[in-house]
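Presented below is the structure to which this report refers.
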Amino acid sequence: MRSKLSLAFLVALLLTGCSAPWSAEPEPEAVIVPAAAPPVEDKAESQQNAREFRDEAGKSGDSATLGDEVKDVYGDWENGGDRAFISTGLKDAEATKANGKRLADAFSAWRDSESGKGRVMVYDAAGDLLYDGEF
């Protein structure tokens, strides 16, 4: 009897469009941040973006010293998306959250998201996440 009730309950859930109570779905506003740098799809464009970023970062005092460490800048912020990735050569003592934030802030001053808000993720030389923030 008990298994028939359990089966009837499960069928009712499936037929009404409800998800199973044990399944977890992310909140609509939840942000998924890759812990490791995603692969670069267009290396030439990414390196061109990095050169432009270094040129702009060299004009500001706070991030000028870190600008040389920027290797790739890529993402979909110019195509209606809202994500940007910065791969750096930062290692050891330079690979800090504070330095990641400095580069993210410099990116925010350099570029805007088509949607009006976006996320920038900064990665160290090993491809590990240093900083994740809005731009």
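These numbers come from the heavy atoms of this one structure, side chains and all, not from hydrogens, waters or symmetry mates.
- In this structure, Thr88 OG1 and Leu130 CG are separated by 5.5 Å, a value rounded to the nearest 0.5 Å.
- Between Leu90 atom CG and Thr96 atom OG1 the span is 7.5 Å, to the nearest 0.5 Å.
- Nearest heavy atom pair, residue Pro39 against residue Tyr74, reads O-CE1, 3.9 Å.
- Gln47 is linked by a side-chain hydrogen bond (donor to acceptor under 3.5 Å, both in side chains) to nothing, counting only residues two or more places apart in sequence or in another chain.
- Under the 4.5 Å side-chain criterion, counting only non-hydrogen atoms from C-beta, Tyr123 is in contact with Pro38.
- Here the side chain of Asp42 pairs a donor or acceptor atom with the backbone of Glu45 at under 3.5 angstrom.
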Exercise for the section: Tell me, with the steps shown, if Asp132 and Arg119 meet salt bridge (Lys or Arg N to Asp or Glu O under 4.0 Å). Expected result: CA-CA 7 Å; Asp132 158 49; Arg119 297 201 75 76; 3.0 Å; yes
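- The aromatic rings of Phe53 and Trp110 lie perpendicular to each other, with more than 60° between the two planes, well past the 30° mark.
- In plain terms, the two heavy atoms of Ala104 and Val120 that are nearest each other are CB-CG1, 3.5 Å.
- At least one donor-acceptor pair under 3.5 Å links the side chain of Ser46 to the backbone N or O of Val73.
- Contact between Ala125 and Lys91 at its shortest, heavy atoms only, is CB-CG, 3.5 Å.
- Proximity of a side-chain donor or acceptor of Tyr131 to a complementary backbone N or O of Arg102 within less than 3.5 Å is not detected.
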Problem - Stepwise salt bridge (Lys or Arg N to Asp or Glu O under 4.0 Å) check, Asp72 with Lys43 - result: CA-CA 8 Å; Asp72 291 293; Lys43 192 72 169 172; 2.9 Å; yes
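- Looking at residues two or more places apart in sequence or on another chain, you find no side-chain hydrogen bond (donor to acceptor under 3.5 Å, both in side chains) involving Ser87.
- A distance of 12.0 Å separates CZ in Phe107 from CD in Glu56, rounded to the nearest 0.5 Å.
- Interatomic distance, Glu94 CD to Asp124 CG, rounded to the nearest 0.5 Å: 11.0 Å.
- The distance from the CZ atom of Arg54 to the CG atom of Leu66 is 13.0 Å, given to the nearest 0.5 Å.
- With rounding to the nearest 0.5 Å, the separation of CH2 in Trp77 from CG in Asp82 is 12.0 Å.
- Among residues two or more places apart in sequence or in another chain, the side-chain hydrogen bond (donor to acceptor under 3.5 Å, both in side chains) test is passed with Lys101 by Asp105.
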